[in-house]
Visitor: 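Let me give you the structure first, and then I'll get to my questions.
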Amino acid sequence: MSTKPVSFTVVQKIPKSLGRAGVIHTPHGDIETPAFVVVGTKASVKSLMPEDLRQYVGNQVTLANTYHLFLQPGHEVVKAGGGLNAFAHWETPTMTDSGGFQVFSLGAAFGKGVTKFAKGDVETELPARAELNVYSEKHAADHGKLCQIDEDGVTFTSHIDGSLHRFTAERSIEIQHAIGADIIIAFDECTSPTADRAYQEEAMHRTHRWAKRSVLAHKQNYEALKKQGLFGVVQGGRHLDLRAESARILASMDFDGFGIGGSFSKEDLGDSLRVVNEVLPDDKPRHLLGIGEPEDIVEGILQGCDTFDCVQPTRIGRTGTIYVHTGAMKTTPCGTFTYPETKKISVRNEQYKTDHSPLDPLSDGYVAQKYTKAYLAHLFRAGEILGPHLASIHNLYFITNFTKNLRKQILEKSA
RNA sequence: GCGUCGGUGGUAGAGUGGUCAAUUACAACAGACUGUAAAUCUGUCGCCUCCGGGCUACGAAGGUUCAAAUCCUUCCCGGCGCA
């Protein structure tokens, strides 16, 4: 076993595929991969107690966010509270995202309704270029966003109180050291799918420079080095050659694992991942950042990704949309996986007001079995907080278990 | 009985001669959401529509006016006050 705090063991490879089942070892325990990573941005999985996660979800790992915890309550508070695990009473292994996604969500995407997925293949607009040394609230407001990018880092205008803050590679690592998650992520720039190739390339190279600095910053903190693993983030947008180049450059740096970030299009997600994972080393875990619809996870695993975090189960759950099984089974082209077809339904819809069947009769989840659509429909209509709570638990169990079943198939196929 | 205030779309409640099919909120009906600015946001919400518009509407019936939810008359209904 490795002396590094975070290491990876491949347990079983999928024949003729980049995919594998494995185990990520961390100071807070092992993560059996492929695995879904529950998102708890502000050290809180929205509406759930950690006990709910343990008892009804069975997740193995939870992800928080550096930018959000830095603003509130402050990373020093988390540190004084014993670090993320103790502070939030999370007992699973933990990760923190670097704040790189906020460069996108509070920057290019701010107020525009664009998502990480391209709608079509047209580059609809150019992102605002970095404008050096122009940091002001007014400037940010004028540009319709809360952050400005330059070579050295990013200046954020807090979405909470408008105050200005500066993130650099070193600063993000420093904050993540204080927060204390098992796996931390190098500060990157998550680009918009609307950015043109030239900008994707420029941003990618900037992310690489930040990655190099992040490795250095991490190595300089001896205490953190013993307890936390550092992941670098592959970028390159929808351009396969850039993706491959990004993977090549990052693979040459001393990371404990890799995140795959940035924007994709739904159609060539698999191609983008394949190109990247062909290059990344086999003996390190690969995390697909922020993607996790059931079909995406199947594709991601086939193309060699080990872990997936996604906000979707809790976000859609909170407003009454739940995952359910249709009853049909699907098989991947080369027969690797046979998995249940899924769909999303909105339990607020009129038809469910009097539908007293279980949320998802085909699921073995506790909430799916014990609670009915009519009850959830009532809770959401009545504005009861139990509605978002139950729907979130249900969705998290659904996707966590969906992923676990795929792992099981990898192991069974080879047995 | 007299006086007075009021009766507006599913609800509450704006509007008090034209720009009113009628502000707004809620409810209702749908939709969106993929490293969480998110217990959020968007659309529809009188009827019909070839999406240009047409029709019926603000307690009821009459009336004034080029034009009425808005002014006048009577009636019906409700709150309050006085008998």
Visitor: Kindly state each residue pair satisfying ring pair (Phe, Tyr, Trp, His ring centres under 6.0 Å) with at least one member in residues 284-323 of chain A, sequence neighbours excluded.
Guide: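 Listed once each, the pairs are A:Tyr323-A:Phe398.
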Visitor: Check this for me: does the side-chain of A:Ser105 come within 3.5 Å of the base of B:U36 through a donor and an acceptor?
Guide: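 For A:Ser105, whose side chain was compared with the base of B:U36, there is no donor-acceptor pair (under 3.5 Å).
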Visitor: Say you pick atom C1' in B:G9 and the same atom in B:A22; how far apart are they, in whole Å?
Guide: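 Nearest-Å result for B:G9 against B:A22 at atom C1': 9 Å.
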Visitor: Which residues in residues 29-42 of chain A have a heavy atom closer than 4.0 Å to any atom of RNA chain B?
Guide: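 Contacts with RNA chain B under 4.0 Å: A:Val39, A:Thr41, A:Lys42.
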Visitor: What's A:Ile160 touching, base or sugar-phosphate or nothing? Going by heavy atoms closer than 4.0 Å.
Guide: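 The residue A:Ile160 makes no contact with any strand.
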Visitor: Give one of base, sugar-phosphate or nothing for A:His68, where a contact means two heavy atoms less than 4.0 Å apart.
Guide: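 Contact class for A:His68: sugar-phosphate only.
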Visitor: For this output row, return yes or no: ring centroids of A:Tyr67 and A:His159 closer than 6.0 angstrom.
Guide: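 They qualify: ring centres under 6.0 Å apart.
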Visitor: Who pairs with A:Lys344 by side chain to side chain donor-acceptor pair (under 3.5 Å), at least two apart in sequence or on another chain?
Guide: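 With neighbours one apart ignored, the set is A:Glu293.
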Visitor: For nucleotides 28-32 of chain B, print each protein N/O atom paired with a nucleotide N/O atom at under 3.5 Å, atom names and distance only.
Guide:
unit_1	atom_1	unit_2	atom_2	d
B:C29	OP1	A:Arg381	NH1	3.4
B:C29	OP1	A:Arg381	NH2	3.4
B:C29	OP2	A:Arg381	NH1	2.6
B:C29	OP2	A:Arg381	NH2	3.2
B:A30	OP2	A:Glu350	N	3.3
B:G31	OP2	A:Asn349	OD1	3.4
B:G31	OP2	A:Asn349	ND2	3.3
B:A32	N6	A:Thr319	OG1	3.4

Visitor: Would you indicate, yes or no, if B:G35 has its OP1 or OP2 atom less than 4.0 angstrom from a side-chain nitrogen or oxygen of A:Gln102?
Guide: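 For B:G35, OP1/OP2 do not have a side-chain N/O of A:Gln102 under 4.0 Å.
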Visitor: Show me, range against range, the stems involving RNA chain B, built from at least 3 consecutive Watson-Crick or G-U pairs below 3.5 Å.
Guide: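 So far as stems of 3 or more pairs are concerned, RNA chain B shows B:1-7 with B:76-82, B:10-12 with B:24-26, B:28-32 with B:40-44, B:46-48 with B:53-55, B:59-63 with B:71-75.
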Visitor: Please determine whether any donor N or O and acceptor N or O are separated by less than 3.5 Å between the side chain of A:Asn65 and the base of B:G35.
Guide: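 Check fails, no donor-acceptor contact within cut-off.
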Visitor: Might you work through the side chain to side chain donor-acceptor pair (under 3.5 Å) test for A:His25 and A:Thr9, ending with a clear yes or no?
Guide: CA-CA 8 Å; A:His25 311 281; A:Thr9 308; 2.6 Å; yes
Visitor: Taking the six-membered ring where the residue is Trp, are the ring centres of A:Tyr397 and A:Tyr366 under 6.0 Å apart?
Guide: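 That pair fails the under 6.0 Å test.
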Visitor: Specify the residues of residues 249-258 of chain A, ordered by number, for which at least one heavy atom lies under 4.0 angstrom from an atom of RNA chain B.
Guide: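 None, since no heavy atom is under 4.0 Å.
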Visitor: Taking syn as within 90° of 0 and anti otherwise, name the glycosidic form of B:G46.
Guide: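 Anti, angle beyond 90° from zero.
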